2 protein chains.
Amino acid sequence: MPEQNNSNLHAMKVTCSNCTLRELCLPIGLNREELSQLDAVIRQSRRFRRGDYLFRSGEPFKSLFAIRTGFFKTCMSSQDGREQVTGFHMSGELLGMDGISANVHGCDAIALEDSEVCELPFSRMQCLSREIPSLQHHFYRLMSREIVRDQSIMLLLGNMKAEERLAAFLLNVSQRLATRGFAANDFILRMSREEIGSFLGLKLETVSRTLSKFQQQGWITVDHKHIQLVQPEALKALISGCTHAHQHA
Amino acid sequence: MPEQNNSNLHAMKVTCSNCTLRELCLPIGLNREELSQLDAVIRQSRRFRRGDYLFRSGEPFKSLFAIRTGFFKTCMSSQDGREQVTGFHMSGELLGMDGISANVHGCDAIALEDSEVCELPFSRMQCLSREIPSLQHHFYRLMSREIVRDQSIMLLLGNMKAEERLAAFLLNVSQRLATRGFAANDFILRMSREEIGSFLGLKLETVSRTLSKFQQQGWITVDHKHIQLVQPEALKALISGCTHAHQHA
DNA sequence: CAAGAAGCTTGACGTTGGTCAAAGCGGGGT
DNA sequence: ACCCCGCTTTGACCAACGTCAAGCTTCTTG
């Protein structure tokens, strides 16, 4: 193992350098020493296979998890079995922040493809962030961003029609892929129609029908999970008007 | 002004002692000196009249706001004027956390009755929380709780029918009032039918009709904004099943 | 105090999206 | 390579909720 001293910090830097243009999940504006402190806290990354649980609702909360590669969904289920997908999560995103409040995870996190995840023991991050102000601030920002994200989903679920929801969803996926350096207008969905529907507050048949409708309009092509945005402007036009007024584009 | 040295810290303690049983908005497990440090940071509380804006979407974010007395709504509006109420907020709750991520407020906060609010300059709170670990942890917990709250609203908007939403809403208001020492089953709503509808993803007519239906069932009485829960168990029965499976009672 | 505005209730009707059903397709596992 | 199961598509029908409208009550403001 000649690369043993290639600490996971370096691995993380490599991962994160894939996500330029975008604020990274953690290492931001830290000096050399601070980085090595952070490095000491991050546990070696773990691999997950499609379908694996990263954590489950009700489990004791100990750590946050940073996705290095892969794709996850988070979901809550109700007593009678209805499932609500609360988010889809890609590389560079941080999972588990809802567990801090009660020291218990509040949702399930499930890998939708084979993935790699860094574990960040929260109590140690908390100590470290006391010593490194920019880290503390970054944490606050990440949590705040999660709040903003959730609220924009509330707006989607509360105000938008099926077509608007689907258009917003496709554009959101597109934009996040683009941020990570992938093609914006040609991608593979990692989740099923049912999961999309659950996330958007629609039934899977409605998702399917709406995708077909978009295809008939010539706005997108649909080949099972392979989606191409042919006229993304058409989708944008559909949701212009129902997006947040003070979008600081 | 003989009470000048009655610092607003003391006023805050008085306010907060009204909310026993419940985690308070800020002073939690701090010693004497820490309290006085906190006191130095909290700006004198300000009064707001019904209809006043505490902050507006798009304004620069500088402070969080703790409600001492009164009642607020937060809402986002879309470009074509649709409004989504994202929450109703009572004494002891903290507003503005969505502004941290982009240094800009992401929603409007509007007083629904005459209210009194403490301003907490965020940068100073951040410094202070570095010195007082329990304060830092408390902040993380408050933000996490907001995330949990938003996600349970997503579950409501994504999965529940009109009757279930209304029942969940009434029980939520009831429980929060009880926490603050008010009657749980006899209260005045501070918001209009339209605002309730916006929050729940329903039209005001549906809210009105559903309240009437509950009244006909004998579960509640409705006299304009005056609500009495006659058979809260009936409402609970309605939403049992569609609430989060891992509710830690 | 009067008058207008805003909020609430209720009814009739329409539309969206949910439900149920059937059939096609595709991929993973043996 | 084959088979089976799960995912997807599509259609027909239906229910829940939205829309439109009218009339009423309660606040607000001059």
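The chains referred to below are lettered A, B, ... by the order of the sequence lines, with proteins before strands, and numbering in each begins at 1. Since this is a predicted model, take the numbers as computed values, not measurements.
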Exercise for the section: Look at the side-chain N and O atoms of B:Lys203 and state whether any lies under 4.0 Å from the OP1 or OP2 oxygen of D:dC20. Expected result: no

Handout entry: Side-chain N,O (A:Arg209) to OP1/OP2 (D:dT9) below 4.0 Å
Key = no

Practice task
Rounded off to whole Å, could you give me the CZ-to-C1' distance for the B:Arg193 and C:dA6 pair?
Solution key: 14 Å

Problem - Phosphate-side-chain proximity, A:Thr206 and C:dG18, N/O vs OP1/OP2 below 4.0 Å - result: yes

Exercise for the section: State, without any angle test, whether B:Ser152 and B:His244 hold a side-chain donor-acceptor pair at a distance under 3.5 Å. Expected result: no

Practice task
Would you kindly check whether a donor in the side chain of A:Glu195 faces an acceptor in the base of D:dC7, or vice versa, at under 3.5 angstrom?
Solution key: no

Practice task
Please work out if A:Lys213 contacts a base, only the sugar-phosphate, or nothing of the nucleic acid, heavy-atom cut-off 4.0 Å.
Solution key: nothing

Problem - Side-chain donor/acceptor contact of B:Glu163 with base of D:dC17 under 3.5 Å - result: no

Practice task
Write down the distance between CD (B:Glu205) and C1' (D:dC17), rounded to a whole number of angstrom.
Solution key: 10 Å

Exercise for the section: Please say whether more than 12 non-hydrogen atoms of neighbouring residues, nucleotides or ligands are located less than 6.0 Å from CD in A:Glu194. Expected result: no

Problem - Phosphate OP1/OP2 of C:dT9: any B:Ser208 side-chain N/O under 4.0 Å - result: yes

Handout entry: Aromatic ring pairing B:Trp219/B:Phe214, orientation class (parallel under 30°, perpendicular over 60°, tilted between)
Key = tilted

